[in-house]
Amino acid sequence: MNIANLMAGAGCTFGENPAIAVGTDLYCTYGDLARRVATMAGRFQDRLRLEPGGRIALAMANCAQFIEILYAAWHAGLCAVPINARLHQREFRYILENSGSRCCFVTPDLEETVAPLLEDIPTLEHVICVSSSDYDALFVGDVVEMQERAPDDTAWLFYTSGTTGRPKGAMLSHRNLMAMTLSYFADIDGVTPEDCIIHAAPLSHGSGLYNFPQVAKGAKQVIPASGTFDPGEIFELIAAHRGVSFFMAPTMVKRLVNHPDSGRADTANLKTLVYGGGPMYVADLKQALACFGYKLVQVYGQGESPMTITAMSKAHHADTDHPRYEERLASVGVAHTVVEVRVCDAEDRPLPPGEPGEVLVRGDSVMTGYWDNPEATERSLKGGWLHTGDVGVFDADGFLTLKDRSNDLIISGGVNVYPREVEEILLLHEGVQEVSVIGRPHPEWGEEVVAFVVRAADRGVVEEELDTLCLDNIARFKRPRAYCFVDHLPKNNYGKILKTELREWL
């Protein structure tokens, strides 16, 4: 089983169909793309000397090349390591070193950040910019046959931040990605060759994972010309393309709804808007439904079970006569077809509807484990079930509502920020005695990062120093947007900081 068979099949069956567009300009057809993929795969083998099972990283903003590199890697039997383009150089270094990636592709905006790492990471041999002649040279030569892969061979190494401050690489196999693809058709939407997906969210995350159903049916992938999320540009693309679908974080949906063009924009071509990756408040959801109609689908997933834990369909959004309609809008829907979902107590015993507990998941979309981290794998996959760490409760109809997030995760703009990671950086400053990081509501981003800081007795510290420390060590979006200097942090009898009290202080 090789997920690259989806591209080979599309090249054969839908060869004349547009495969990738940048804005409204055609980049290539599926026939062209399949040939480019098979040619590039050959150069991975004979020029870069990459062997099946090896890792190849993508530190890239959204662009057409992202998709062809992914499939060329799988065609050659390699494992792709897509990396969030917004990370700090220090974070790029860790992921590239931990994954053992021998080659990293970059967009021009990241070349100066990543290229110097060639000197620091012994296993990293190539950093190739997609605008360079080195990249163009990968399409010179013969095509090669696709490498056979076992269903449980790792195809996508998804790095997700952990509470230890070190990212963990969730190993997503070819079987995982295929199960997720089939679940899209079963639980999210049908796809035709006339449809398209507009990649407004990062290809390294949820939007990129939704490329598979589109490729499988010969539908078009559209990359915004800006390479970013710009609401005005998105409305123009909706009007220009047919059968449009998206994956967006709730904060992105809110920005679309609140944009001045939303009331007069032509959204007739919008087919499906999938939202997930953070909490969608009911008031915001109602505004989105009023703006776009009953075209919204919610998904709840994790990097460890990508896009596939629960979903709330268009029909559920439209069932306004249901007596518990409001409650359902506040939920994350029902279990995906390809997984089992339980709510369990501390001993992993299933709980009845109405009782909250930890959400556990089992199925073919659940990762095979964490890369080079058997201890974390054993904890997360105990008993054959993925322990999400999320607290949820089922109702009598099987709708799951999330009550809390594990480890006080902060979701800002649809991106995970783990407080422990930020806290460890702030504690590097000699003027910081104690620190605790929490999230507070933000009207546009969902949440923003706030740090409560206890100064060291023998020296002072100011916000500017802490900001500089964060910008030197972690991605800009993770740094606190506010610092609250306090005399002490509230703690229980065991010395644990009470973040619930900190939220009350805010």
Side-chain angles (χ1 to χ4, degrees), residues 187-189 206 246-258 272-302 305 307-336 339 341-344 350-361 388-416 438-448 500 503-504 506:
D187 303 301
I188 307 299
D189 202 15
F246 290 97
F247 171 74
M248 290 186 179
T251 52
M252 298 169 71
V253 178
K254 186 177 177 68
R255 288 178 64 188
L256 274 184
V257 172
N258 291 339
T272 306
L273 200 168
V274 183
Y275 64 93
M280 172 68 93
Y281 301 109
V282 173
D284 294 338
L285 178 54
K286 287 182 175 179
Q287 284 185 322
L289 291 170
C291 183
F292 301 119
Y294 297 110
K295 300 178 180 181
L296 278 74
V297 178
Q298 181 176 196
V299 295
Y300 161 51
Q302 293 185 337
S305 184
M307 318 299 278
T308 46
I309 296 179
T310 64
M312 187 159 59
S313 69
K314 296 179 190 178
H316 289 141
H317 283 85
D319 190 12
T320 57
D321 292 331
H322 194 279
R324 293 191 300 280
Y325 179 67
E326 293 276 335
E327 294 176 28
R328 287 186 170 186
L329 287 186
S331 79
V332 290
V334 299
H336 271 261
V339 294
V341 181
R342 289 179 175 176
V343 170
C344 295
L351 294 168
E355 291 194 27
E358 184 178 10
V359 179
L360 273 57
V361 186
T388 67
D390 291 330
V391 177
V393 59
F394 275 118
D395 70 8
D397 300 327
F399 282 76
L400 178 69
T401 299
L402 298 180
K403 294 297 185 183
D404 200 358
R405 294 191 299 277
S406 64
N407 305 315
D408 298 300
L409 171 69
I410 300 167
I411 301 179
S412 181
V415 181
N416 292 353
I438 64 173
R440 71 177 176 190
H442 187 276
E444 183 174 357
W445 302 111
E447 291 180 296
E448 63 179 2
T500 52
R503 294 189 183 95
E504 291 176 4
L506 282 179

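Numbering of residues begins at 1 and proceeds along the displayed sequence.
- Considering only residues two or more places apart in sequence or on other chains, Y300 meets the ring-ring contact (aromatic ring centres under 6.0 Å, His included) condition with none of them.
- The side-chain hydrogen bond (donor to acceptor under 3.5 Å, both in side chains) test applied to T272 returns D189, K314, not counting sequence neighbours.
- Legend: residues meeting side-chain hydrogen bond (donor to acceptor under 3.5 Å, both in side chains) with N258, ordered by chain and number and at least two apart, are absent.
- In this structure, CG in L273 is found 10.0 Å from NZ in K295, a value given to the nearest 0.5 Å.
- Residues G413 and A249 approach most closely at O-CB, 4.1 Å, considering heavy atoms.
- Taking E444 as the reference, R255 meet the salt bridge (charged side-chain N to carboxylate O under 4.0 Å, His left out) condition, with sequence neighbours excluded.
- The backbone N or O of F399 sits nowhere less than 3.5 Å from a side-chain atom of D397 that would complete a donor-acceptor pair.
- For the pair V359 and T388, the tightest heavy-atom approach, listed with the atom from each and the gap, is O-OG1, 2.7 Å.
- Contacts of E355 classified as side chain to side chain contact (heavy atoms under 4.5 Å, CB included), with partners at least two apart in sequence or in another chain: L351, P352.
- You'll find the side chain of S331 reaches within 4.5 Å of the side chain of M312, heavy atoms only.
- Summarising the geometry of I410 relative to G439, their closest heavy-atom pair is CD1-N, 3.4 Å, with the distance given to 0.1 Å.
- Interatomic distance, CD1 of I188 versus CD of Q298, reported as 10.0 Å (0.5 Å rounding).
- With sequence neighbours excluded, the residues satisfying side chain to side chain contact (heavy atoms under 4.5 Å, CB included) with V257 are V253, Q287, A288, C291, F292.
- The backbone N or O of V299 sits nowhere less than 3.5 Å from a side-chain atom of H336 that would complete a donor-acceptor pair.
- With V361 as the fixed residue, the side chain to side chain contact (heavy atoms under 4.5 Å, CB included) test singles out one of T308, I309, T310: I309.
- The main-chain N or O of C344 is never found under 3.5 Å from a side-chain atom of E358 such that the two would form a donor-acceptor pair.
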Worksheet item: When you look at H317 and L329, which way does the side chain to side chain contact (heavy atoms under 4.5 Å, CB included) test go after all the steps?
Response: CA-CA 7 Å; H317 283 85; L329 287 186; 4.2 Å; yes
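- Y325 and Y294 make their closest contact through OH-CE2, 4.1 Å (heavy atoms, listed as atom of the first residue, atom of the second, distance).
- A search for salt bridge (charged side-chain N to carboxylate O under 4.0 Å, His left out) contacts involving D319 returns R328, not counting sequence neighbours.
- Between A311 and D187 the shortest heavy-atom distance is CB-O, 4.4 Å.
- Here E326 pairs with K286 under the salt bridge (charged side-chain N to carboxylate O under 4.0 Å, His left out) rule; sequence neighbours left out.
- In this structure P356 satisfies the side chain to side chain contact (heavy atoms under 4.5 Å, CB included) test together with V391, V393, sequence neighbours excluded.
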Fill in: side chain to side chain contact (heavy atoms under 4.5 Å, CB included) between L256 and M248, intermediate numbers included
CA-CA 10 Å; L256 274 184; M248 290 186 179; 3.4 Å; yes
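- Listed by chain and residue number, R440 satisfy the side-chain hydrogen bond (donor to acceptor under 3.5 Å, both in side chains) test with E448 (two or more places apart in sequence, or in another chain).
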Discussion item. Please determine whether side chain to side chain contact (heavy atoms under 4.5 Å, CB included) holds for the pair F246 and M252, giving the CA-CA distance in whole Å, both sets of side-chain angles, and the decisive distance to 0.1 Å.
Written reply: CA-CA 11 Å; F246 290 97; M252 298 169 71; over 6 Å; no
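- The two residues G398 and V334 make their nearest non-hydrogen contact at O-CG1, 3.4 Å.
- Judged as a salt bridge (charged side-chain N to carboxylate O under 4.0 Å, His left out), and not counting sequence neighbours, the contacts of D284 are K254.
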